[in-house]
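See below for the structure under consideration.
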2 protein chains.
Amino acid sequence: MSFNFDEIDRRILKVLQRDGRISNIDLAKEVGLSPSPCLRRVRLLEEAGIIDRYVAVLDPTKVGAGLTVFARVWFKTQDAQVTLQFAEAVRRLPEVMECYLTTGECDAILRIVTADLHSYWRFQADHLTRIASVLNVKTDVPMETLKRSFELPLAL
Amino acid sequence: MSFNFDEIDRRILKVLQRDGRISNIDLAKEVGLSPSPCLRRVRLLEEAGIIDRYVAVLDPTKVGAGLTVFARVWFKTQDAQVTLQFAEAVRRLPEVMECYLTTGECDAILRIVTADLHSYWRFQADHLTRIASVLNVKTDVPMETLKRSFELPLAL
DNA sequence: GGATAGTTTGGCATATTATGCCGTAAATTG
DNA sequence: CAATTTACGGCATAATATGCCAAACTATCC
C-alpha cells in the first residue's frame with residue numbers, strides 16, 4: 001500500500017521544495033486548488049512521510065561553514081563492530097553533514113563542512129583520524145561550487 | 001559591516017534548521033523572547049541572507065530518488081571554456097544535486113540522485129558522459145547512509 | 001445506462017498566527 | 001550621569017490555518 005501521488009501532489013512537492021514556507025493560500029493558487037483540499041493533500045504527504053520535514057537553509061559562508069570537503073575513508077577492518085563504531089562517532093560530529101558506506105575503492109564517503117582549510121585540518125587531526133576504526137583518510141577539496149540543489153527530481 | 005549574530009540568533013537558527021515551519025509564537029518560546037522581537041530577528045536574518053530560504057525535505061526513497069551516488073569526473077582539458085560548458089550542462093540536469101570543481105585527483109565531484117542503479121547507468125550513459133567536456137567518470141556507489149544532516153554547525 | 005458508494009472538492013465559520021505600531025526598558029556613548 | 005540609540009513587549013488588526021459540511025465528481029456494479 002504505497003502512497004501514489006498524482007500530478008497535483010507532484011506540483012505541491014515541487015513548490016514546497018522551492019519554498020517550504022509558502023502560505024497554503026498561495027500554494028493552493030500555484031497548484032490550481034482551493035485552500036482546503038490543498039492543505040489536506042499537504043497533510044497527507046506529511047503523514048505518509050513523503051514530506052519528511054521543513055528546514056531553513058542557511059548560507060554556509062555566513063555562518064562560518066564556508067568550506068565543504070569530501071573525505072574518503074578506509075577502515076582498519078570491514079567487520080560490523082568497526083563499522084558501527086565509526087557510525088556512532090560520525091553521528092556525534094556536527095561537521096559531518098553526510099556519510100555513506102561504500103563497497104568500492106574506499107569504505108566510506110563523507111561530506112564535511114568547516115570554516116576554512118585550517119579548521120578542516122584541525123578537524124581531521126583531532127576528530128576524524130582519531131576514530132579508532134579509521135585507517136586512512138583521503139580528502140578532496142573543492143575549489144568552487146558549480147551547483148547546490150535542494151530539489152529532488154520528481155518522476156511521475 | 002558583517003552581520004554579527006548573538007546567542008539568541010544562534011538559537012533561532014538552530015531551531016529553524018530543525019523545523020523551518022515552526023510558528024513564530026513557538027519559536028519565540030523556545031528562544032526565550034516574546035513574538036515581536038523574535039519575528040524581527042528572523043526577518044533580519046533573512047534580509048542579511050543568513051537564512052537563504054526554507055525548503056521541504058522529501059524522503060528520497062518515496063519519490064523515486066532512493067539512490068545517491070558520487071561521481072568523480074575528469075575533463076578533457078582544464079581551460080575555462082570546457083569548465084563553463086560543463087557547469088551549464090550540469091545545472092540543467094536535475095539528477096545532479098551538487099557539483100564542485102576540484103584541483104586534486106579529479107576535476108569535479110558530483111552528488112547524483114536516481115531511482116536505482118539501472119537508472120543511474122542510463123543517466124551516466126545518456127547524459128553525463130555525453131557532456132563534451134567529460135573525458136572520464138568514476139562512480140562511487142554507497143551501500144548505506146550512515147548520516148544525513150541539514151543542520152550546519154553554528155560556531156559562536 | 002442509471003443508481004449507488006466512495007472520494008475529492010470548495011465554501012464557510014472559527015481559531016490561530018503574523019504583522020505593524022507604539023510606549024517602555026535596557027544598553028551604549030560621550 | 002545624561003543623552004541617544006537599540007531592543008523589547010504588548011496590543012490592535014490583518015492574514016492565514018483549521019475543521020466541518022454540503023455539493024460535485026469518479027468509479028463500480030447491476
Side-chain angles (χ1 to χ4, degrees), chain A residues 1-59 61-64 150-156, chain B residues 1-59 61-64 150-156:
Chain A
M1 63 135 272
S2 76
F3 191 105
N4 248 16
F5 52 87
D6 61 12
E7 174 59 26
I8 295 180
D9 291 318
R10 203 187 65 88
R11 264 183 282 173
I12 289 175
L13 294 174
K14 199 171 161 68
V15 172
L16 286 179
Q17 281 193 109
R18 290 182 193 274
D19 180 4
R21 239 183 159 167
I22 190 174
S23 77
N24 181 59
I25 290 178
D26 290 341
L27 177 60
K29 275 178 206 158
E30 289 217 35
V31 303
L33 278 180
S34 65
S36 297
C38 183
L39 184 63
R40 205 165 328 124
R41 278 170 180 264
V42 172
R43 293 286 174 265
L44 286 173
L45 290 166
E46 288 168 358
E47 281 161 26
I50 292 174
I51 298 174
D52 180 42
R53 58 208 294 209
Y54 301 88
V55 302
V57 177
L58 309 187
D59 183 333
T61 64
K62 291 180 178 164
V63 295
F150 299 96
E151 208 174 326
L152 289 175
L154 296 177
L156 184 61
Chain B
M1 68 133 269
S2 77
F3 192 105
N4 246 15
F5 51 89
D6 62 11
E7 174 59 26
I8 295 180
D9 291 318
R10 205 186 65 87
R11 263 183 283 172
I12 288 175
L13 294 174
K14 200 170 159 68
V15 172
L16 286 178
Q17 281 193 107
R18 290 180 194 275
D19 180 3
R21 238 182 159 168
I22 189 173
S23 77
N24 180 60
I25 291 178
D26 290 341
L27 177 60
K29 275 178 207 158
E30 290 217 34
V31 302
L33 279 180
S34 66
S36 298
C38 183
L39 184 63
R40 208 166 324 129
R41 279 169 179 265
V42 172
R43 293 287 174 265
L44 286 173
L45 290 165
E46 288 167 0
E47 280 160 26
I50 293 174
I51 297 174
D52 180 41
R53 60 208 292 209
Y54 300 88
V55 303
V57 177
L58 309 187
D59 183 334
T61 63
K62 291 180 178 163
V63 294
F150 299 96
E151 207 174 329
L152 288 175
L154 294 178
L156 183 64

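Atom set for the values below is all heavy atoms of this structure, side chains included, hydrogens, waters and symmetry mates excluded.
Heavy-atom distances under 4.0 Å link DNA chain C to B:Ser23, B:Asn24, B:Ile25, B:Ser36 of residues 21-36 of chain B, given in residue order.
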- Item | B:Arg11 vs B:Glu30, side chain to side chain contact (heavy atoms under 4.5 Å, CB included): CA-CA, chis, key distance, verdict | CA-CA 8 Å; B:Arg11 263 183 283 172; B:Glu30 290 217 34; over 6 Å; no
- In sequence, state the C-alpha distance, the side-chain angles, and the governing distance for B:Leu33 and B:Arg41, and then conclude on side chain to side chain contact (heavy atoms under 4.5 Å, CB included). CA-CA 10 Å; B:Leu33 279 180; B:Arg41 279 169 179 265; 3.7 Å; yes
- Item | Step-by-step side chain to side chain contact (heavy atoms under 4.5 Å, CB included) determination, B:Tyr54 to B:Glu46 | CA-CA 10 Å; B:Tyr54 300 88; B:Glu46 288 167 0; 2.7 Å; yes
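Using a 4.5 Å heavy-atom cutoff, the side chains of B:Phe5 and B:Leu44 are not in contact. When side chains are defined from C-beta on, A:Arg21 counts as touching B:Leu16, because their heavy atoms get closer than 4.5 Å. Taking 4.5 Å as the limit, some side-chain heavy atom of A:Leu58 sits within range of a side-chain heavy atom of B:Leu154. Under the 4.5 Å side-chain criterion, counting only non-hydrogen atoms from C-beta, A:Arg10 is not in contact with A:Leu13.
The nearest pair of heavy atoms linking B:Cys38 to B:Val31 is SG-CG2, 4.2 Å.
In this structure, B:Asn4 atom CG and C:dT28 atom P are separated by 14 Å, rounded to whole Å.
Scanning DNA chain D 5' to 3' for nucleotides with an atom closer than 4.0 angstrom to a non-hydrogen atom of chain A gives a first and last hit of D:dT16 to D:dG19.
An OP1 or OP2 oxygen of C:dA18 is reached within less than 4.0 angstrom by no side-chain nitrogen or oxygen of B:Arg43.
B:Arg41 comes within 4.0 angstrom of sugar-phosphate atoms only, judged by non-hydrogen atoms across all strands, and of no base.
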